[in-house]
Amino acid sequence: MTASFDWQGAPALVNAEKIKKRGAWYVAEYRILNMSKWLGAIFAFGLGNPILYLASIGIGLGALVDSNTGGVDGVSYLVFLAPALLASAAIQTTMDEAMFPTMAGFVWWKLFWAMNATALTGKQIARGVMIAALIRSSLTVTMYWLVLVLFGAVDLASGLTVIPSALFCGWGFGSVILAISAFIKEDDGFFAVIGRFVIAPMFMFSGTFYPLENLPSLLQYVGWISPLWHATDIGRVLMYGREISTGLFVTHFAYLLVMGVIGSWVAGWQYTRRLSE
Amino acid sequence: MISGVKSTNNAMGRLLHLMSDSQLHNGVPSMISARNLTKEYGDFTAVDHISFEVPRGEAFGLLGPNGAGKSTTMRMIAATLARTDGELAILGKEPNAQGPEIRAHLGVVPQQDNLDSELKVHENLMIYGRYFGLSRKFLKGKIDELLDFAQLQDKRDSKVNELSGGMKRRLTIARALINEPEILMLDEPTTGLDPQARHILWDRLFRLKELGVTLILTTHYMDEAEQLCDRLIVMDKGRIMAEGTPANLIREYSSREVLEVRFGSNKNAEVAEQIQGIGERIDVLPDRILVYAESGEGALEELTRRGLEPLTSLVRRSSLEDVFLRLTGRSLVE
């Protein structure tokens with residue numbers, strides 16, 4: 001073995017300006033390579049989840065609901081449920097892909113310090129994690145939507161608006177999770193807390209399985225806070241033409257936009273701060 | 001075109017500025033220049049007004065006990081930790097303002113390997129190269145070269161989990177070389193490695209030095225510092241206690257030879273009084289007495305002449321370890 005080097009040196013080789021522009025994408029590239037190790041699981045969950053949900057609740061429970069009430073919100077139960085399932089898939093996937101990589105980067109394997117030792121900045125790392133999360137969730141959402149099409153819960157043309165808006169909702173909530181995860185110092189059951197006290201109630205009280213108006217008014221507030229309710233309502237408008245006021249429709253987007261903007265900003269700030277402590 | 005000319009002018013300007021700042025070390029512009037560099041965490045001063053220069057191509061060591069401020073200094077040089085006070089220029093740039101530009105030209109080997117254990121060996125290198133914006137085509141060749149260099153060619157498709165400690169260390173070093181850095185920073189590069197692995201690493205680091213790479217390293221091993229460092233500083237409690245080449249430091253802070261004698265634990269203190277005056281300096285330890293002298297044999301003869309008969313005696317050359325212990329003390333600081 002004779003290790004010989006063709007050594008140009010970093011000044012000739014590395015273009016710092018280019019990294020300034022594309023850094024976040026290099027991080028996303030890493031995240032996608034990492035995800036590709038779990039491609040089988042991504043597809044299995046991506047397809048398995050909607051099929052199981054639609055078969056059991058959508059069709060099983062739906063038959064019961066439809067035969068007793070003639071549908072919900074003027075459509076069959078399956079059609080009513082579909083936007084909620086899609087929205088929760090988008091939100092859950094983006095959340096996972098924001099939370100776990102952040103834990104791996106800061107707590108489990110300290111990967112972010114290795115990234116930050118290069119020309120990459122904390123902000124770029126945060127942004128790259130989010131870009132990859134959205135790429136992953138666009139895959140999941142598209143698969144989910146295809147299954148919905150196959151089950152006849154939604155028509156083909158809706159994809160153009162439904163998929164981007166679901167991703168937007170995922171970004172809004174995912175950004176907040178990205179920011180929160182970046183503050184976690186130790187892996188002491190944070191996920192269990194998030195799962196039990198945030199995700200589960202959110203799923204129950206966001207008008208997922210029945211219209212939010214059916215709840216007593218106090219519990220309706222939970223729905224209004226919940227990003228999932230806003231996302232679900234957007235989906236219902238786009239997928240089966242649920243009638244809501246323009247003001248409310250815009251409010252849904254504005255709510256998630258504010259979450260996304262604040263979440264992204266705090267995430268970038270905390271990533272930078274933590275790496276330079 | 002104009003912007004190209006401009007940026008060249010800027011580079012020249014910066015160089016001239018650098019030279020006029022007299023940041024020169026024996027006529028070579030400094031790779032690193034620190035003046036009164038300070039880092040405080042609240043009331044605690046981790047690095048306390050230290051100054052040093054490192055010229056291009058030098059292997060520069062930071063020595064000191066745990067908590068001396070070595071790693072903090074390393075992180076400030078690596079442009080990932082902001083200083084509290086003082087001046088710092090790395091590659092002629094200001095780290096607070098130009099961190100990413102500086103880091104683009106550095107290679108960093110952290111104290112603890114932070115490789116991605118879910119990726120394969122070659123993927124770890126590829127992805128790190130991508131962080132520097134290097135093309136996949138370039139990286140393919142580069143990775144081959146680095147795997148040869150790190151003697152990891154037959155592990156290229158292994159997962160990082162499957163590597164031994166020494167292999168992981170070599171991979172981390174290979175990773176730090178992917179951008180052909182001007183300065184390679186190594187924080188305790190051989191801690192936890194067996195002697196074979198250490199010697200392989202020393203050989204590799206020596207080759208990098210021959211390529212003109214500036215090496216900055218911290219270590220707890222004095223033999224390693226003697227082997228690798230052209231020049232070093234000994235730090236304690238955030239301050240520089242001494243600076244120089246290993247040979248000069250030994251000359252300055254120790255004698256040529258050391259005589260180590262044992263009289264049995266309970267007799268050492270008693271004997272110590274009778275030894276006074278032999279050699280240049282005496283160090284009484286619980287288990288043995290060290291006599292620092294120009295000639296160890298001479299000191300031993302003098303000892304026998306005074307009627308003292310040690311249980312065991314050993315004459316050796318003075319080492320950097322003697323300097324280190326003299327400067328930073330023998331008591332443990334936890």
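Labels below follow one simple rule: chain letters A, B, ... track the order of the sequence lines, proteins then strands, and each chain is numbered from 1.
- Residue B/Glu123 holds its CD atom at 4.5 Å from CG of A/Leu33, rounded to the nearest 0.5 Å.
- Remark: A/Glu29 engages B/Arg130 in a salt bridge, criterion side-chain N to carboxylate O under 4.0 Å.
- Remark: A/Lys21 NZ is loosely packed, at most 12 non-hydrogen atoms of other residues, nucleotides or ligands lying under 6.0 Å away.
- When heavy atoms are compared at a cutoff of 4.5 Å, A/Glu277 approaches chain B solely by way of its backbone atoms N, CA, C and O.
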Next item on the list: Any chance you could lay out the side chain to side chain contact (heavy atoms under 4.5 Å, CB included) test for B/Arg103 and A/Asn116, step after step, and finish with the verdict?
Entry: CA-CA 9 Å; B/Arg103 299 200 300 271; A/Asn116 189 228; 3.5 Å; yes
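- Contact annotation for B/Ser117: only side-chain heavy atoms (C-beta onward) come within less than 4.5 Å of a heavy atom of chain A.
- Heavy-atom distances place no part of B/Ile102 under 4.5 Å from chain A, backbone and side chain included.
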Notebook entry, point to check: Are A/Gln8 and B/Phe138 close enough, and set up right, to give a side chain to side chain contact (heavy atoms under 4.5 Å, CB included), and what steps lead you there?
Noted result: CA-CA 12 Å; A/Gln8 306 170 50; B/Phe138 167 82; 3.7 Å; yes
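- In A/Phe203, the CZ atom is crowded: over 12 heavy atoms of neighbouring residues, nucleotides or ligands sit closer than 6.0 Å.
- At most 12 heavy atoms of other shown residues, nucleotides or ligands fall within 6.0 angstrom of atom CZ in A/Phe197.
- A 4.5 Å side-chain heavy-atom check between B/Gln112 and A/Trp113 finds every atom pair outside the cut-off.
- Checking side-chain atoms of B/Tyr128 against main-chain N and O of A/Ala114 turns up a donor-acceptor pair under 3.5 Å.
- Atom CZ of A/Phe183 sits in a crowded spot, with more than 12 heavy atoms from other residues, nucleotides or ligands closer than 6.0 Å.
- Scanning all heavy atoms of the two residues, the minimum distance from A/Val14 to B/Leu134 falls at CG2-CD2, 4.4 Å.
- A/Leu111 CG to B/Ile127 CD1: the interatomic distance, rounded to the nearest 0.5 Å, is 11.5 Å.
- Heavy-atom minimum distance, A/Ile19 versus B/Tyr131: CG2-O, 3.8 Å.
- Heavy-atom contacts from other residues, nucleotides or ligands closer than 6.0 Å to NZ of B/Lys209 number more than 12.
- With a 6.0 Å radius and a threshold of 12 heavy atoms from other residues, nucleotides or ligands, A/Met204 has its CE atom at or below the threshold.
- Residue contact with chain A, scored on non-hydrogen atoms closer than 4.5 Å, is absent for B/Pro110.
- The two residues A/Leu275 and B/Arg75 make their nearest non-hydrogen contact at O-NH2, 2.9 Å.
- Heavy atoms of A/Trp108 lying under 4.5 Å from chain B are absent altogether.
- Surrounding NZ of B/Lys137 are at most 12 heavy atoms belonging to other residues, nucleotides or ligands under 6.0 Å away.
- Taking each heavy atom of B/Ala104 and A/Ala16 in turn, the nearest pair found is CB-CB, 4.2 Å.
- Atoms OG and CG, on B/Ser135 and A/Leu13 in that order, are 8.5 Å from each other to the nearest 0.5 Å.
- A/Ala119 and B/Phe132 get closest at one heavy-atom pair: N-CE2, 4.3 Å.
- Contacts between B/Ile183 and chain A at a heavy-atom distance below 4.5 Å are absent for every atom of the residue.
- Side chain of B/Glu180 to main chain of A/Trp7: no donor-acceptor pair is present (N/O by atom type, distance under 3.5 Å, no hydrogens or angles).
- Remark: B/Asp116 CG to A/Trp109 CH2 distance equals 7.0 Å, nearest 0.5 Å.
- Interface remark: of the candidates B/Thr80, B/Leu115, B/Val108, B/Asp113, B/Thr80 forms the most heavy-atom pairs closer than 4.5 Å to chain A.
- Among the candidates A/Met115, A/Lys20, A/Glu17, A/Arg22, the residue making the largest number of heavy-atom pairs closer than 4.5 Å to chain B is A/Met115.
- One N or O on the side chain of A/Lys18 and one on the backbone of B/Gly133 form a donor-acceptor pair closer than 3.5 Å.
- More than 12 heavy atoms of other shown residues, nucleotides or ligands fall within 6.0 angstrom of atom CZ in B/Arg156.
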